[in-house]
A.B. asks: 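I have a structure I would like to understand better, so I am pasting it below and will then ask my questions one at a time.
Starting from 1, each residue takes its place in the sequence as its number.
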Amino acid sequence: MMQAKDLKPGMWVECREGVAEVIDIDVEHNTAIVENLRDHKRININCDDINEQPQLHTGCDSYY
């Protein structure tokens, strides 16, 4: 579980929809806009539903 204050644009995260890139953050509402890497759809998601994945490396949706 993540909080909006812990997110930064460009971070790779994991959510119900799969691996996504953080596009924008709304700290006041604890939500973020993320872009799904599979279909490039952008969705607004509650930060409680986001998991940080430190194994994801920038520019790729693969694990080490």
Side-chain angles (χ1 to χ4, degrees):
M1 232 175 2
M2 298 285 297
Q3 294 296 312
K5 65 179 179 56
D6 300 321
L7 296 172
K8 295 180 185 141
M11 279 180 78
W12 297 103
V13 295
E14 193 169 47
C15 56
R16 282 189 303 253
E17 291 75 13
V19 177
E21 179 182 359
V22 175
I23 303 299
D24 197 18
I25 302 135
D26 183 344
V27 176
E28 185 177 330
H29 294 103
N30 198 43
T31 60
I33 296 173
V34 298
E35 181 175 314
N36 187 302
L37 295 183
R38 188 178 42 236
D39 59 15
H40 299 286
K41 289 185 181 176
R42 291 187 178 189
I43 57 169
N44 193 353
I45 190 167
N46 189 295
C47 292
D48 291 335
D49 296 328
I50 297 175
N51 296 310
E52 182 179 14
Q53 282 298 345
Q55 292 113 357
L56 289 174
H57 53 96
T58 304
C60 180
D61 63 350
S62 302
Y63 291 95
Y64 282 106

A.B. asks: If every non-hydrogen atom of A20 is compared with every non-hydrogen atom of V34, which pair is closest and at what distance?
C.D. replies: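 Looking at all heavy atoms of both residues, the shortest contact is CB-CB, 3.8 Å.
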A.B. asks: Which value, rounded to the nearest 0.5 Å, describes the distance between K8 atom NZ and I25 atom CD1?
C.D. replies: 9.5 Å
A.B. asks: For the CZ atom of R16 and the CG atom of N36, what is their distance to the nearest 0.5 Å?
C.D. replies: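 Output value for this atom pair is 12.5 Å.
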A.B. asks: Cluster question for you: counting only ILVMFWY and a side-chain heavy-atom cut-off of under 4.5 Å, with indirect links fine, are I33 and V13 together?
C.D. replies: no
A.B. asks: Taking all non-hydrogen atoms of both residues, which atom of A32 and which atom of N44 are closest, and how far apart?
C.D. replies: O-OD1, 3.3 Å
A.B. asks: With a 4.5 Å heavy-atom cut-off, do C47 and N30 have their side chains touching?
C.D. replies: yes
A.B. asks: To the nearest 0.5 angstrom, please state how far the CE atom of M2 sits from the CD1 atom of I45.
C.D. replies: 12.0 Å
A.B. asks: Can you measure from CG (D26) to CG (N46) and round to the nearest 0.5 angstrom?
C.D. replies: 10.5 Å
A.B. asks: Could you tell me the separation between the OG1 atom of T31 and the CD1 atom of I43, rounded to the nearest 0.5 Å?
C.D. replies: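 Those atoms lie 11.5 Å apart.
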A.B. asks: With distance as the sole criterion, is a donor-acceptor pair present between the side chains of D48 and Q3 under 3.5 Å?
C.D. replies: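 Q3 and D48 do have a side-chain donor-acceptor pair below 3.5 Å.
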A.B. asks: Just how far is it from atom CD of E14 to atom CD1 of I50, taken to the nearest 0.5 Å?
C.D. replies: 11.5 Å
A.B. asks: For the residue pair R42 and E35, what are the closest heavy atoms and their distance?
C.D. replies: NE-OE1, 2.9 Å
